[in-house]
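Quick note: residue numbers are just sequence positions, from 1. Counting starts at 1 for both ligands and their atoms, following the listed order. The shown structure was predicted, so the numbers you read here are calculated from the model rather than taken from an experiment.
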Amino acid sequence: MQNPYTWLEDSLATIRRANWYRAVRTVDGLPGATICLDGREMVNFASNDYLGLAGDERLIAAAVEAIQALGAGSTGSRLLSGHRKLHRDLENAIAYLKGTDDAVVFSSGYLANLGTITAVVGKRDLILSDAYNHSSLKNGAILSGAQVREYPHVDMDALRGLLQEYRNHYRRCLIITDSVFSMDGDLCPLPEILDLADEFGCMVLVDEAHGTGVFGENGAGCVEYLGCRGRELIQMGTLSKAIASLGGYVAGSSALIDFLRNRAPSWIYTTALSPGDTAAALAAIQIIQSEPHRRQKLWKNIDYCQELLQKNLHHHNLSVLPSSSPIICIQLPHPQAALEMSQYLADSGFFAPAIRPPTVPTSRIRISLMATHSRDQIKGFVECLGN
Ligand SMILES: *Cc1c(COP(=O)(O)O)cnc(C)c1O
């Protein structure tokens, strides 16, 4: 008999041949605009910590204090023995930030999407999904058992066409979309999506993973920035990006949140968020509200970086994908070119990862800017790209 596991090595060999192979790299010390990566100090353009809060002493102190008072782990699911007042405080803070009735926190953003989508739709329902949506939305859609149809990226005519053709054949319909597309950095046309949803009687789930803390006067996200506060929808997000901790959330009506607490399997059958993560997230949300200058600094950095890229890159046959966020992508012709560019940048002290298929359709260098990057760091990076 052949060993039933030999296919693993064959598969890995195929992945390597396509230049799709990935491996982890070790970061030492506190996270920030510079990090120590595989033993070398580098300017970090690969972090989701947009406001530079993950290493903030107030978050660290809040986490330490919570661990000392409440322990390292929460020991059970929320509905059994794991629920603490701290969880409720965090959920209230999220609902306040978002301007919704209520919110519920999950152990990660990924689990928030899996749990929410499977709870609100099933076999008799339809999901319409942007082709560039995050893996957690796509897998949540598959897991729900609903009929899933993708529309081409941000194509509202195509979305309308699908609604006209299919909406009536199903009980409920859910439109799912990233607000900021995580691998491209562009935004979804949320007002138009909500108008279509109204016209065809659909629910909308918007994933604010990269929006929260970054967009909007109060840092509430793209829903606020795009003028959609107060419209009924399902807002989800993560506590692990601008909020600099770990966990996910859903914010919305009291009925929605109450329903999720009763029907979302990835909330019911998993351990409650740890006290340290919960306290750090709560501290971050307070800072997001009380220190808008962090967000303003981030946007100054974004504008500065885009300006330098536009000025410099057309000389070099490099094109920048359209972006309205801290996520900026420089397009490259194939995976090998992206890997070589990333390596060249790394040799020059800039950590800017290559993102390749199958994560995205086309290879690119993807950077994410932070409020804590200096202008010199950004300038150095753009100059290096152009060399
Ligand atoms: C990161 C991300 C998630 C997952 O959030 P985690 O808390 O890291 O699990 C979900 N959606 C999008 C768009 C993301 O970028």
Side-chain angles (χ1 to χ4, degrees), residues 24 27 31 46-51 53-54 59 87 90-91 94 98 103-118 127 129-144 150 153-154 174-188 190 193 204-215 221-223 225 233-251 264-267 270-274 276-278 280-282 284-285 321 323-329 353 355 359-360 364 366-370:
V24 298
V27 178
S47 175
N48 294 318
D49 180 18
Y50 296 114
L51 301 174
L53 293 175
L59 270 69
H87 293 122
L90 175 59
E91 289 168 341
I94 293 167
K98 298 278 171 178
V104 58
V105 293
F106 289 74
S107 300
S108 77
Y110 209 112
L111 289 170
N113 273 334
L114 296 189
T116 304
I117 298 170
T118 53
I127 291 178
S129 171
D130 189 290
Y132 283 14
N133 275 344
H134 188 261
S135 157
S136 54
L137 288 170
K138 293 188 176 195
N139 281 328
I142 294 168
L143 194 60
S144 75
E150 281 196 346
H153 182 48
V154 302
L174 175 69
I175 303 170
I176 56 179
T177 183
D178 285 16
S179 67
V180 181
F181 286 89
S182 58
M183 290 299 140
D184 294 75
D186 56 341
L187 308 187
C188 77
L190 189 60
I193 291 173
V204 175
L205 186 159
V206 64
D207 180 336
E208 290 265 51
H210 298 273
T212 303
V214 172
F215 284 86
C222 287
V223 172
Y225 175 71
L233 80 169
I234 304 169
Q235 301 184 49
M236 75 66 65
T238 174
L239 303 174
S240 67
K241 287 168 182 156
I243 298 175
S245 177
L246 180 67
Y249 65 82
V250 175
S266 67
W267 187 80
T270 199
T271 303
L273 216 56
S274 79
D277 292 323
T278 311
L282 183 55
I285 289 175
L321 293 179
S323 157
S324 339
S325 75
I327 299 165
I328 300 175
C329 295
I355 307 288
T359 306
V360 288
R364 65 200 64 180
R366 172 189 182 274
I367 66 159
S368 43
L369 292 164
M370 299 170 65

Run His210 and Tyr50 through side chain to side chain donor-acceptor pair (under 3.5 Å) and show every step you take. CA-CA 9 Å; His210 298 273; Tyr50 296 114; 2.6 Å; yes
Start with the C-alpha gap between Cys222 and Leu187, add the side-chain angles, then the distance that decides, and say whether side chain to side chain contact (heavy atoms under 4.5 Å, CB included) holds. CA-CA 8 Å; Cys222 287; Leu187 308 187; 4.1 Å; yes
Residues forming a salt bridge (charged side-chain N to carboxylate O under 4.0 Å, His left out) with Asp186, sequence neighbours excluded: none
Run the side chain to side chain contact (heavy atoms under 4.5 Å, CB included) check on Ile285 and Ile243 step by step: do they pass? CA-CA 7 Å; Ile285 289 175; Ile243 298 175; 4.1 Å; yes
Closest approach of Met370 and Ser47, non-hydrogen atoms and distance? SD-CB, 4.0 Å
Between Tyr249 and Thr212, do the side chains contain a donor N or O and an acceptor N or O under 3.5 Å apart? yes
Near ligand 1 (heavy atom, under 4.0 angstrom), the protein residues are Ser108, Gly109, Tyr110, His134, Ser136, Asp178, Ser182, Asp207, Ala209, His210, Thr238, Ser240, Lys241, Gly247
